[in-house]
Peer 1: 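Let me begin by handing over the structure; questions about it come next.
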Amino acid sequence: MGPAVMSHVNHTVPVLPDGQLAPLARAYGAAVAAKRRQMVLGGAVFICAVLLAGLGAEVNPELFWDKLGNFFDYFVRLAYLDTGDPVWTDPAEWFWGLRKWARLLGETMLIAYIGTLTGAALAFCACFLCAANLTGSAVLRSMVRRLLEFCRTVPDLVFALIFVVAFGLGALPGILALTIHTAGALGKMFAEVVDNIDIKPVEGVAASGGSWFARVRFGVVPQVLANFVSYTLLRFEINVRGASVVGFVGAGGIGEELIVSIRKFYYADVSAILVLIVLCVMLIDVLTERLRHRLVRMEGGH
Amino acid sequence: MSRVVVPEYGWRTHGPAVAVLAVLMSVYAAGFVLLDIRFDRIWIGLARLGDIVLLMMPPNPETFSRFLVYLDALGQTLAIAFLGTITGALFAVPLGFLAARNIVTNRVVHFLARRSLDTVRSIDTLVWALIWINVVGLGPFAGALAIASADVCALAKLMSEAIETADRRAVEGVMASGGSRAAAIRFGIVPQVLPVFASQILYYIESNTRSATIIGIVGAGGIGLYLSEQIRVLEWQQVSFLILMVLVTVALIDAVSRMLRRAIIGRS
């Protein structure tokens with residue numbers, strides 16, 4: 001494409017006479033000005049909110065600059081053993097507690113596993129009750145919805161704190177806390193899936209005289225199961241992360257060991273445990289992602 | 001009339017599903033044994049939990065001055081969540097562009113960026129809070145920094161995914177009319193992803209309001225400090241009042257952010 005073609009294009013672009021162009025230009029100017037005013041106003045509100053939040057969170061830039069070195073120092077210290085050698089020179093010394101930590105990590109994963117599965121089962125039962133296309137009673141629907149909302153809004157660690165008082169220290173309060181939180185979070189997602197199903201199979205089962213349970217079992221479940229499993233796998237990933245910190249309040253898993261090492265400044269232990277947690281979480285991430293992809297493919301194959 | 005053909009059900013169709021279910025359930029049962037969870041403990045605990053719930057009624061802060069203290073802590077929680085998310089987002093934007101395949105075409109850089117985001121992402125907010133407490137001391141400032149550090153990588157990952165799914169045609173249009181790569185990103189991609197970013201940040205402010213309520217448990221400011229304190233001294237009416245305050249606040253934030261999100265998506 002040479003300059004000749006370009007100039008040809010330029011000649012054929014129609015240019016309106018000034019009389020017609022002026023109001024259009026004015027309207028464009030007004031629209032741009034209005035948008036700019038809106039931006040400035042939004043920006044001002046935003047900056048005010050940031051300043052207010054900074055005041056509320058007791059932000060202290062001076063302290064921050066003074067101590068920022070400590071932050072990087074901390075990570076440097078994480079990389080050294082008590083003997084002063086870098087951690088990678090003596091892995092046996094670095095992971096001296098591997099046996100104990102591996103057991104605690106296993107406990108953490110089991111807490112996440114049992115919590116996820118129990119929570120998913122509860123969510124499975126609840127989600128059909130709060131779907132408008134399956135449950136007629138508006139009162140029941142909104143009651144179940146409120147309950148699920150409560151379960152997912154209260155943070156799992158708060159449940160864990162309360163359950164530690166009721167059930168005593170150990171894995172049980174951790175499991176229950178994750179169960180309740182999972183039921184709330186998954187219940188909402190499951191209900192959204194059920195809300196969007198194709199209603200025809202359900203009507204088919206109803207027309208051939210099926211009960212409510214038959215409608216759910218043969219009309220709804222086959223449509224939603226793959227989605228449910230995929231959401232549950234995602235939740236399992238999140239719960240492994242959650243289970244690694246419920247130990248902070250005494251609810252089992254590796255968290256207790258971690259918080260003690262951080263509080264007592266056992267730097268090498270902190271880094272060793274963090275490495276183990278990160279490896280574990282990544283492994284779970286990769287495995288569940290692969291499973292989810294396979295699930296999507298299976299669904300596509302139908 | 002033709003006979004109804006009943007499809008064959010049996011091990012051939014249901015075998016794999018049953019096997020998977022059996023494995024899942026045996027791991028589940030093994031978990032109960034390994035974690036030493038006995039049913040008598042569950043029953044006793046449930047009975048005690050019932051007592052606790054009864055003791056929680058009605059929610060009551062006892063004195064008005066204490067209510068004001070809680071309100072102040074709640075404000076602090078909101079400030080932590082807001083400031084932490086905004087700071088995290090500020091750092092997440094460049095990282096997100098770096099980790100997007102259609103911006104940085106170098107496979108090695110892309111792989112390293114993604115992996116390191118994933119690594120840092122698996123460290124929980126509470127762990128970050130403990131680290132920042134060591135650096136800047138106890139208080140809400142450490143909490144805001146913890147939320148920011150935990151969010152940077154999670155948000156960067158989401159943002160890079162939004163960038164990767166942006167429509168290519170706008171970029172091609174800018175390139176075709178002679179724009180540089182920088183111009184292609186500025187005028188081809190940024191206008192597409194900005195509303196998505198805003199919506200993601202709003203979602204994170206919402207979810208961080210929840211995280212910020214527990215960050216006080218380890219001493220990083222906000223309402224969590226009072227919550228864990230009151231649970232420890234078994235003042236259940238105060239506990240339920242604090243939980244109620246959190247619920248109301250989260251509902252309010254949800255409503256505001258839904259409104260804002262609608263405004264943003266409506267405008268774009």
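Chain letters run A, B, ... following the sequence lines, proteins first, then strands; residues in each count from 1. Worth knowing before you read on, the calculation uses all heavy atoms, side chains too, and leaves out hydrogens, waters and symmetry mates.
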Peer 1: Select one option (side chain, backbone, both, neither) describing which atoms of Ile133(B) are under 4.5 Å from chain A's heavy atoms.
Peer 2: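 Contact with chain A involves no heavy atom of Ile133(B) at all.
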
Peer 1: Side chain, backbone, both or neither: which part of Leu126(B) has a heavy atom under 4.5 Å from chain A?
Peer 2: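 Both backbone and side chain.
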
Peer 1: Is Asp285(A) in contact with chain B via its backbone, its side chain, both, or neither, using a 4.5 Å heavy-atom distance?
Peer 2: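 The side chain, not the backbone.
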
Peer 1: Which atoms of Leu49(B) are under 4.5 Å from chain A, going by heavy atoms: the side chain, the backbone, both sets, or neither?
Peer 2: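 Both backbone and side chain.
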
Peer 1: Answer whether the closest heavy-atom distance between the side chains of Ile42(B) and Leu176(A) falls below 4.5 Å.
Peer 2: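 No, too far: nothing below the 4.5 Å cut-off.
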
Peer 1: Shortest non-hydrogen contact from Leu63(A) to Val136(B)?
Peer 2: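 Closest pair (atom of Leu63(A), atom of Val136(B), distance): CD2-O, 3.7 Å.
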
Peer 1: Using a 4.5 Å heavy-atom cutoff, which residues in residues 232-239 of chain A come close to chain B?
Peer 2: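 Checking residues 232-239 of chain A against chain B gives no residue, so none.
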
Peer 1: Between Gly45(B), Ser211(B), Ser207(B), Gly137(B), which has the largest tally of heavy atom pairs under 4.5 Å with chain A?
Peer 2: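 Maximum pair count with chain A is reached by Gly45(B).
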
Peer 1: With a 4.5 angstrom heavy-atom cut-off, could you sort out which part of Phe71(A) is near chain B: side chain, backbone, both or neither?
Peer 2: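 Looking at Phe71(A), backbone and side chain both touch chain B.
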
Peer 1: Heavy-atom distances under 4.5 Å only: say whether Phe82(B) touches chain A with side chain, backbone, both or neither.
Peer 2: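 For Phe82(B), the side chain is the part near chain A, not the backbone.
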
Peer 1: Kindly give the heavy-atom pair with the smallest separation between Ser228(B) and Leu161(A), and that separation in Å.
Peer 2: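 Taking Ser228(B) first and Leu161(A) second, the nearest heavy atoms are CB-CD1, 3.8 Å.
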
Peer 1: For Thr119(B), which atoms come within 4.5 Å of any heavy atom of chain A: side chain, backbone, both, or neither?
Peer 2: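 Interface part for Thr119(B): both.
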
Peer 1: To check you understand the geometry: which heavy-atom pair defines the closest contact between Ile231(B) and Val158(A), and what is its length?
Peer 2: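 Of all heavy-atom pairs spanning Ile231(B) and Val158(A), the closest is CD1-O, 4.4 Å.
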
Peer 1: Under 4.5 Å from any heavy atom of chain B, what part of Ser244(A) do you find: side chain, backbone, both or neither?
Peer 2: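 Interface part for Ser244(A): neither.
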
Peer 1: For each of Ala49(A), Gly252(A), Gly168(A), tally heavy-atom pairs with chain B at distances under 4.5 Å, and name the one with the top tally.
Peer 2: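 Between Ala49(A), Gly252(A), Gly168(A), the count favours Ala49(A).
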
Peer 1: Verify, without hydrogens or angle tests, whether Arg41(B) (side chain) and Phe167(A) (backbone) share a donor-acceptor contact under 3.5 angstrom.
Peer 2: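 Here the side-chain-to-backbone pair exists.
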
Peer 1: Measure Ile175(A) against the heavy atoms of chain B and call it side chain, backbone, both or neither at under 4.5 Å.
Peer 2: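 Only the side chain of Ile175(A) comes within 4.5 Å of chain B.
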
Peer 1: Considering only heavy atoms, which portion of Val250(B) lies under 4.5 Å from any heavy atom of chain A: side chain, backbone, both, or neither?
Peer 2: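 Side chain only.
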
Peer 1: At their closest point, which heavy atom of Val127(B) faces which heavy atom of Phe248(A), and how far apart are they?
Peer 2: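 Val127(B) and Phe248(A) have their closest heavy atoms at CG2-CZ, 4.0 Å.
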
Peer 1: So, for Arg210(B) and Arg152(A), which heavy atoms are closest and what is the spacing to 0.1 Å?
Peer 2: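 That would be NH1-O, 3.8 Å.
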
Peer 1: Answer yes or no: is there a side-chain heavy-atom contact under 4.5 Å between Leu157(A) and Ile217(B)?
Peer 2: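 Yes, at least one pair of side-chain atoms sits under 4.5 Å.
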
Peer 1: Is the backbone N or O of Trp132(B) less than 3.5 Å from a side-chain atom of Tyr74(A), with the two atoms forming a donor-acceptor pair by type?
Peer 2: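 Judged by distance alone, no pair lies under 3.5 Å.
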
Peer 1: Taking all heavy atoms of Arg48(B) and all of Val165(A), pick out the closest pair and write down the distance.
Peer 2: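 Heavy-atom minimum between the residues: NH1-O, 3.7 Å.
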
Peer 1: Looking only at heavy atoms, which of residues 69-78 of chain B get nearer than 4.5 Å to chain A?
Peer 2: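 Heavy-atom contacts from residues 69-78 of chain B to chain A are Gln76(B).
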
Peer 1: Is Val218(B) in contact with chain A via its backbone, its side chain, both, or neither, using a 4.5 Å heavy-atom distance?
Peer 2: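 Both parts, backbone and side chain.
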
Peer 1: Is Val240(A) close to chain B through its backbone or its side chain, or both, or neither, when contacts mean heavy atoms under 4.5 Å?
Peer 2: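 Nothing of Val240(A), per the 4.5 Å heavy-atom cut-off to chain B.
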
Peer 1: Side chain, backbone, both or neither: which part of Leu279(A) has a non-hydrogen atom closer than 4.5 Å to chain B?
Peer 2: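 Neither part; nothing is under 4.5 Å.
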
